[in-house]
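Just so it is clear, the values below take in all heavy atoms, side chains as well, and ignore hydrogens, waters and symmetry mates. In this text the structure is predicted, and so the values were computed from the model without any measurement. The residues of the chain are indexed from 1 along the displayed sequence.
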Amino acid sequence: LAYRGFRRNDAPKMRALAVGIGLLTAGVFLTVALASLAGGGPGTVLLARGLVTVAGLSAVLYALLRT
């Protein structure tokens with residue numbers, strides 16, 4: 001929905017929100033799956049998951065605080 005809002009209104013805040021939500025949902029899942037398939041240990045998988053989560057939350061925060 002956020003992506004459709006971005007496309008309809010050409011609002012950069014909506015694009016950042018869509019990216020953040022995408023990273024928090026599909027991005028975390030894909031990162032964990034790829035890190036596990038690559039043979040990473042539990043620490044590597046948790047680090048990759050944490051980095052993607054922080055990136056997603058940062059994008060959402062950016063969308064909320066941008067003026």
Side-chain angles (χ1 to χ4, degrees):
L1 289 174
Y3 180 73
R4 287 195 310 179
F6 161 68
R7 295 286 303 230
R8 183 179 310 125
N9 301 319
D10 196 30
K13 290 173 73 170
M14 294 300 287
R15 178 181 50 217
L17 184 62
V19 167
I21 292 171
L23 284 173
L24 288 173
T25 56
V28 170
F29 174 76
L30 290 174
T31 302
V32 169
L34 290 175
S36 295
L37 286 175
T44 305
V45 173
L46 285 175
L47 177 64
R49 178 182 174 220
L51 291 175
V52 173
T53 301
V54 167
L57 289 174
S58 297
V60 170
L61 182 64
Y62 175 76
L64 292 175
L65 296 180
R66 184 175 171 157
T67 57

- prompt: Do Ile21 and Val28 belong to the same hydrophobic cluster, where Ile, Leu, Val, Met, Phe, Trp and Tyr are linked whenever their side-chain heavy atoms lie under 4.5 Å apart, directly or via other members?
  reply: no
message: Quick check for you: to the nearest 0.5 Å, what is the distance between Leu17 atom CG and Leu64 atom CG?
response: 7.0 Å
Least distance between heavy atoms, Val45 atom then Ala35 atom: CG2-CB, 3.9 Å
- line: Between Ala59 and Gly20 the two heavy atoms that sit nearest each other are CB-CA, 3.6 Å
- line: For Leu51, the hydrophobic cluster (side chain heavy atoms closer than 4.5 Å, chained through members) also holds Leu47
message: Tell me the closest heavy-atom pair linking Arg49 and Val32, and the distance in Å.
response: CB-CG2, 3.9 Å
